[in-house]
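Here the structure is a predicted model, which is why all the values come from computation and not from measurement. Ligands are counted one by one from 1 in listed order, and the atoms in each one are counted from 1 as well.
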Amino acid sequence: MQDSDRKSVSILGATGSVGGSTVDLLLANPERFSVKALTGGRNVARLAELSRALRPEFVAIADPSCYGALKEALSGSGIEIAAGDEAVCEAADRPADWVMAAIVGCAGLLPTLTAVRRGATVALANKECLVSAGHIMMREVAGAGATLLPVDSEHNAIFQVFEQDRREAIDKIVLTASGGPFREATLAEMAGKSPAEAVAHPRWDMGAKISVDSATMMNKGLEVIEAAHLFALPEDRIDVLVHPESIIHSLVAYRDGSVLAQLGTPDMRTPISYALAWPERMQTNVRPLDLSEIATLTFSAPDMQRFPALALARAALRSGGAMPAVLNAANEIAVEGFLSGKLGFTGIAELVEEVMAAVDPAAPGTIDDVIGLDREIRGEAARRLERRAAADLSLTEADSAIEIGAGRL
Ligand code: NAD
Ligand code: MG
C-alpha cells in the first residue's frame, strides 16, 4: 500500500496512558496509519520502545536533559530526535493529518494549539487546555478550520449522540462519573487517604494526575468546563450523574423526552478509535459489552459536600473570565503537593478554594495571557501550599510535644 493511502498521525504524550491506548490501536492497524511524530515528557526507555515499534519520522522529548539518552537509545534508527518544549511543539507542527493531544495539564496547551493552528484534526484528551483557554482554543479551531474531536470518554459519548444540526431540540447533557475510589468515604476518612489509595481507580487505569482528579471529583468539574466549550452550553445545562459501573459514558436529553446515551465496556480504546476513524468506525479489541452479565446499573446525584471540587469548578465556569484558568493552575499545584506528600487529600480542594478566593486577575485575551496567568497562579498556589505544609508540620510538632509532655507526667 502507498504511504499516501495511510492516514498520518502524531501522538503528543505518547508515553502516557491515553498515548499507550492510541499506540495499541495503531499497532493493530499498521496498514491504515503511518506515524509522523511522537512526544514524551521524560520517559526515555518507553519513548524509545514506542519509536522502534512505530517508526515515526520525528521524536521529541520535553525534558532537555533526556536528549543524550534518547539519542543513544535510538542510534542507528534513522529517526530524527529533538528535546525541549519547542521540540514538542515542532512535533505538533509536523504535517500529520491527525494529532492525539494527550499531554497532561496546561503543559499541553501550546503543543495542542500548534496542531490546531495548522488546521489538523486534533483528538483532544488534554482537557486542561480547554479549561484554561477554552474560548481562545475554540476561536483558534474555528479560525484555522481545524477539527476538534473529543476523546474524553464522556465528551466522546455526547459527541456520538448530540445532534449538532438540531441543537434547539436539546435540553441538557448529562456527564456520568464513576465517583472515584472514595465514592462512599466520609470527609474524615478522605482526610487520611494516601496518594497510593487515591491513584487506585476502580474502573480506569490512568495517569496519576487524572486519577487524583477523579478521586476529588475535580475531574468531573474540569469536564463540565470542557463540555461547556465543546458543546457551547451554559453551566446549568450540564448535569453530573454518579454511575459507578462506568458503562453509560454520558447522555443527551432532548426536549421531546428522549434521552440518548452511548454505552460500552470502560476502555479508552473505544473513544480513541472513534476519533481515529471518524467519520467512519473501526474494529477494536475492546471487550464487547454484555449487559446481561453486568445486570445492574446504578445512579445517584453527586454529593457536593463531600466533593467540594465539583462545586468549585462549577463556580469557576459561572464566573468565567480568568477563574477556570485559576482553578486549573491551583489544582495542578495542589495535586502535585498531594502526590509528593506535602498536602492531605482534602487539602486539595481547600487550597484551590483558597487561591480562587485570594486572586482576581483580568480575563486572559490571548494564549500568552493564559500562559502568564497560569505561571502566576502556580506561584501563588505553591507559596500557599508551602505555608500550609509548614503549618501542618508545626501541628505535628505540637502533637508530639503534647505526647512527650504527657509521658513526663
Ligand atoms: P499520563 O500522565 O499517563 O501521560 C501524560 C503524558 O504527558 C506522558 O506522555 C508524559 O510524558 C507527558 N508529559 C507530562 N508532562 C509533560 C510536559 N511538561 N511536557 C510535555 N509532555 C509532558 O496521563 P494520561 O492519563 O494519559 O492523561 C493525559 C491527558 O488525557 C490528561 O489531560 C487527562 O486528563 C486526559 N484523559 C485521560 C484519560 C485516561 O484514561 N488516562 C481519560 C480521559 C482524559
Ligand atoms: Mg472523562
From the N, O or S atoms in [X], identify the one nearest to the Mg ion (ligand 2).
{"X": "Asp152", "answer": "OD1"}
{"X": "Glu223", "answer": "OE2"}
{"X": "Glu154", "answer": "OE1"}

Sequence neighbours excluded - side chain to side chain donor-acceptor pair (under 3.5 Å) pairs with any residue from residues 358-368: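 Only Thr366-Asp369 qualify under side chain to side chain donor-acceptor pair (under 3.5 Å).
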
Of all pairs that satisfy side chain to side chain donor-acceptor pair (under 3.5 Å), the ones with a partner from residues 316-329, not counting sequence neighbours: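 Sorted pair list: Ser132-Asn328, Glu235-Arg318, Asn328-Glu332.
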
Asp267 and Thr265 side chains, donor-acceptor separation under 3.5 Å: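 Their side chains do not contain a donor-acceptor pair, so the 3.5 Å distance test is not met.
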
Glu223 side chain to His155 side chain, donor-acceptor N/O pair below 3.5 angstrom: no

Within the 4.0 Å heavy-atom sphere of ligand 1, strictly under, residues: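 These residues qualify: Gly13, Ala14, Thr15, Gly16, Ser17, Val18, Gly40, Gly41, Ala62, Ala102, Ile103, Val104, Ala107, Ala125, Asn126, Lys127, Glu128, Asp152, Met206, Gly207, Ile210, Met268.
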
Under-4.0 Å salt bridge between Glu380 and Arg384: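 A salt bridge links Glu380 with Arg384.
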
Arg378 and Asp374 ion-paired at < 4.0 Å: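 Yes, this pair counts.
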
What side-chain donor-acceptor pairs closer than 3.5 Å can you find for residues 297-308, not counting sequence neighbours?
| residue | atom | partner | partner atom | Å |
| --- | --- | --- | --- | --- |
| Thr298 | OG1 | Glu245 | OE1 | 3.3 |
| Thr298 | OG1 | Glu245 | OE2 | 2.7 |
| Asp303 | OD1 | Gln305 | N | 2.9 |
| Asp303 | OD1 | Arg306 | N | 3.1 |
| Asp303 | OD2 | Arg306 | NE | 3.0 |
| Arg306 | NH1 | Arg183 | O | 2.9 |
| Arg306 | NH1 | Ala185 | O | 2.6 |
| Arg306 | NH2 | Arg183 | O | 3.0 |

